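Everything numeric in this text was worked out from a predicted model, so none of it was measured. Heavy-atom basis, side chains included; hydrogens, waters and symmetry copies ignored.
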Amino acid sequence: MSEGVAGQPFPDGFGEGGTPVPHPLLEPVLGFLGRWRGLGQGGYPTLDGDFAYAQEVSFGHDGRPFLRYEARAWLLDADGAPLRPAARESGWWRLQDGGRVEALITQPTGITEILTGRAEDGVVDLATHTVALTPTAKEVTATRRRYTLADADADAGQGAHGDTFTFLHDLAAVGQPLQHHLSATLRRAAGQSTRPASSWNSSVQ
């Protein structure tokens, strides 16, 4: 009976410290744990010009070898004021041995991407394995996503960390070949440390 349920007993963690303890396979992506906010630019041949947007991204875990990913964006006018909601998506990064990553990302526009790639030295590089579309979704045939912690070179090694990451998104859609679509720079939300005490869309719609 619902009266006996006290609430979620296993909340997600957004840092390396505390509970739950990150699974060892998450080591290459620990630097992305947390909540991030930033600004980006986008464009595509089928759109009426380039656009500016803001974005909020979060990565969390529950102690198992995958990250929970969520992102939402909103368009900005020439003065940087919010215009309207834009892309939203959520999904999972499944970490494997050797830094291999399998990602599942779903958008409310009827698009689900399955991507594969690697996480290494503060960089996660993902490319399309499969794209699934609902009957009314616009055609998307391929994507590539690259997430790079800004200080990855300085922190060489799989455990690279930083307070900034950049995002690049290439897209093949509605008859166009794979090409640049989005780029953004995001920073950790205020109040989050880089290393907590221990034991980060497509607008084609």
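Using a 4.0 Å cut-off between charged nitrogen and carboxylate oxygen, D125 and R144 count as a salt-bridge pair. Between R118 and E102 there is no salt bridge, since no side-chain N of the basic residue sits under 4.0 Å from a carboxylate O of the acidic one. Using a 4.0 Å cut-off between a side-chain N of Lys or Arg and a carboxylate O of Asp or Glu, E89 and R72 do not qualify as a salt bridge.
Residues V57 and F66 fall into different hydrophobic clusters, defined by Ile, Leu, Val, Met, Phe, Trp and Tyr side chains chained together at heavy-atom separations under 4.5 Å. The cluster map of Ile, Leu, Val, Met, Phe, Trp and Tyr, joined by side-chain heavy atoms under 4.5 Å apart, puts L25 and L30 in the same cluster. In terms of hydrophobic clustering, with Ile, Leu, Val, Met, Phe, Trp and Tyr side chains grouped at heavy-atom distances under 4.5 Å, I105 and F167 are assigned to a common cluster. In terms of hydrophobic clustering, with Ile, Leu, Val, Met, Phe, Trp and Tyr side chains grouped at heavy-atom distances under 4.5 Å, L47 and L178 are assigned to different clusters. Hydrophobic clustering (side-chain heavy atoms under 4.5 Å, transitive across Ile, Leu, Val, Met, Phe, Trp, Tyr) keeps L39 apart from L75.
Across all non-hydrogen atoms, the minimal contact from G99 to P28 is CA-CG, 4.2 Å. The two residues T128 and T143 have their closest heavy-atom pair at OG1-N, 2.6 Å. Between P20 and G13 the shortest heavy-atom distance is CD-N, 3.8 Å. Looking at every heavy atom in both residues, G31 comes nearest to R188 through O-NH2, 2.7 Å. Between A103 and L126 the shortest heavy-atom distance is CB-CD1, 3.9 Å. Between H180 and S183, the shortest heavy-atom distance links the atoms CE1-CB, 3.7 Å.
Note that OG1 of T166 and CG of L149 are 8.5 Å apart. Values are rounded to the nearest 0.5 Å. Note that OG1 of T109 and NZ of K138 are 9.5 Å apart. Values are rounded to the nearest 0.5 Å. Distance check: L104 CG to Y69 OH gives 12.5 Å after rounding to the nearest 0.5 Å. Taking CD of Q176 as the start and CD of E139 as the end, the distance is 10.0 Å to the nearest 0.5 Å. Distance check: L186 CG to D163 CG gives 12.5 Å after rounding to the nearest 0.5 Å. A distance of 5.5 Å separates CG in L67 from CG in L26, rounded to the nearest 0.5 Å.
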Steps toward side-chain contact (heavy atoms from CB on, under 4.5 Å) verdict (L115, R145): CA-CA 9 Å; L115 308 102; R145 296 163 178 259; 4.2 Å; yes

Audit row: Y147, W93, ring pair (Phe, Tyr, Trp, His ring centres under 6.0 Å) steps and yes/no: CA-CA 12 Å; Y147 305 76; W93 289 8; 5.0 Å; yes

Derivation and outcome, side-chain contact (heavy atoms from CB on, under 4.5 Å), residues Q107 and T112: CA-CA 6 Å; Q107 302 164 13; T112 295; over 6 Å; no

CA sep, side-chain torsions, deciding dist, call: S58, E70, side chain to side chain donor-acceptor pair (under 3.5 Å): CA-CA 5 Å; S58 66; E70 187 167 4; 4.7 Å; no

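Side-chain contact between H61 and L33: present, with at least one pair of heavy atoms (C-beta onward) separated by less than 4.5 Å. Here the side chains of L168 and L182 are not in contact, with every heavy-atom distance at 4.5 Å or above.
Here the side chain of H181 pairs no donor or acceptor atom with the backbone of Y44 at under 3.5 angstrom. T141 contributes a side-chain N or O that, together with a main-chain N or O of A172, makes up a donor-acceptor pair within less than 3.5 Å. Side-chain N or O atoms of D62 include one that pairs as donor or acceptor with a backbone N or O of R64 at under 3.5 Å.
W74 does not carry R84 over the face of its six-membered ring by the limits of under 6.0 Å from the centre and within 45° of the normal. Under a cutoff of 6.0 Å and an axis angle of 45°, R35 and F14 form a cation-pi pair.
Counting only N and O atoms by type, the side chains of Y53 and Q41 include no donor and acceptor under 3.5 Å apart.
Annotation for H129: atom NE2 does not count as buried by contact number, only 12 or fewer foreign heavy atoms lying within 6.0 Å.
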